[in-house]
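Notes for the one structure printed next.
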Amino acid sequence: QVQLVESGGGLVQGGGSLRLSCAASRRTSSSYPMGWFRQGPGKEREFVAAISTYGDATNYADSVKGRFTVSRDNVKNTVSLQMNSLKPEDTAAYYCAAKGRPYSSFTTFTSPGSYDYWGQGTQVTVSS
């Protein structure tokens, strides 16, 4: 079982940057495919970025491509989301998610329903 803890959210001006971090429990001996999702009030949870087991492959939503970068440190069991050039439309609660099985090195998942574990979420608010 994987426990995820997110941090790094906050209030930032448009054009600014934030770095979100997702830490997996010590129980996890190896990494799994991970993803970042976001959900605004009254909106459905949407895909933001995904990374494969060892970071060999990444995937981004068109809305964040070129601005956001997902990375991982499998030694520390952490996954990060570097968010640059933030826009007001990026405002949402951001969630880290993990698969419960170690898929192949190049497999990423973009559907919320494909993930087995979720963090508590961290709020990102981008002002105009």
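Just so we're clear, the structure is a prediction, and the values are computed from it rather than from any experiment. Values below: every heavy atom of this structure, side chains too, minus hydrogens, waters and symmetry copies.
Tyr94 and Val79 fall within the same hydrophobic cluster, where Ile, Leu, Val, Met, Phe, Trp and Tyr residues are linked whenever their side-chain heavy atoms come under 4.5 Å apart, directly or through other members. Linking Ile, Leu, Val, Met, Phe, Trp and Tyr residues whenever their side-chain heavy atoms come within less than 4.5 Å leaves Ile51 and Phe37 in two separate clusters.
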- Task: Could you please spell out the steps behind the side chain to side chain contact (heavy atoms under 4.5 Å, CB included) verdict for Met83 and Val124?
- Result: CA-CA 10 Å; Met83 305 184 294; Val124 172; 3.9 Å; yes

- Verdict with reasoning, Thr69 to Tyr60, per side chain to side chain contact (heavy atoms under 4.5 Å, CB included): CA-CA 8 Å; Thr69 302; Tyr60 298 92; 3.8 Å; yes

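The OG1 atom of Thr58 lies 14.0 Å from the CZ atom of Phe68; values are rounded to the nearest 0.5 Å. In this structure, the separation between CG on Asn77 and OG on Ser25 is 7.5 Å, given to the nearest 0.5 Å.
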Hey, can you pull the donor-acceptor pairs under 3.5 Å for the side chains in residues 112-119, sequence neighbours left out?
unit_1, atom_1, unit_2, atom_2, d
Ser114, OG, Ser111, O, 2.6
Tyr115, OH, Met34, O, 3.3
Tyr115, OH, Phe109, O, 2.7
Asp116, OD2, Gly100, N, 2.6

Can you give me every donor-acceptor pair (side chain of residues 41-49, partner residue at least two apart or in another chain, under 3.5 Å) with its distance?
unit_1, atom_1, unit_2, atom_2, d
Arg45, NE, Gln39, OE1, 3.3
Arg45, NH2, Gln39, OE1, 3.3
Glu46, OE2, Arg38, NE, 2.7
Glu46, OE2, Arg38, NH2, 3.4

Pairs of donor and acceptor atoms involving the side chains of residues 5-18, under 3.5 Å and at least two apart or interchain, shall be tabulated with distances.
unit_1, atom_1, unit_2, atom_2, d
Glu6, OE1, Gln120, N, 3.1
Glu6, OE1, Gly121, N, 2.3
Glu6, OE2, Cys96, N, 2.1
Ser17, OG, Asn84, OD1, 2.9

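Ala92 approaches Gly40 most closely through the heavy-atom pair CB-N, 3.9 Å. Considering all non-hydrogen atoms of both residues, Ser128 and Pro88 come closest at OG-CG, 3.8 Å.
Put simply, the side chain of Ser52 never gets that close to the backbone of Thr108: no donor and acceptor are under 3.5 Å apart. Not one N or O on the side chain of Arg72 forms a donor-acceptor pair closer than 3.5 Å with the backbone of Gly55.
Chaining together hydrophobic side chains whose heavy atoms lie under 4.5 Å apart leaves Phe106 on its own.
Remark: Arg19 pairs with Ser71, Ser80, Gln82 by the side-chain contact (heavy atoms from CB on, under 4.5 Å) rule, at least two apart or across chains. Annotation: side-chain contact (heavy atoms from CB on, under 4.5 Å) contacts of Ala93 (sequence neighbours excluded): Tyr95, Gln123.
Contact check on Lys65 versus Asp62 returns a salt bridge, with a Lys/Arg side-chain nitrogen under 4.0 Å from an Asp/Glu carboxylate oxygen.
Taking the side chain as every heavy atom from C-beta outward, Thr107 and Thr53 never approach each other to under 4.5 Å.
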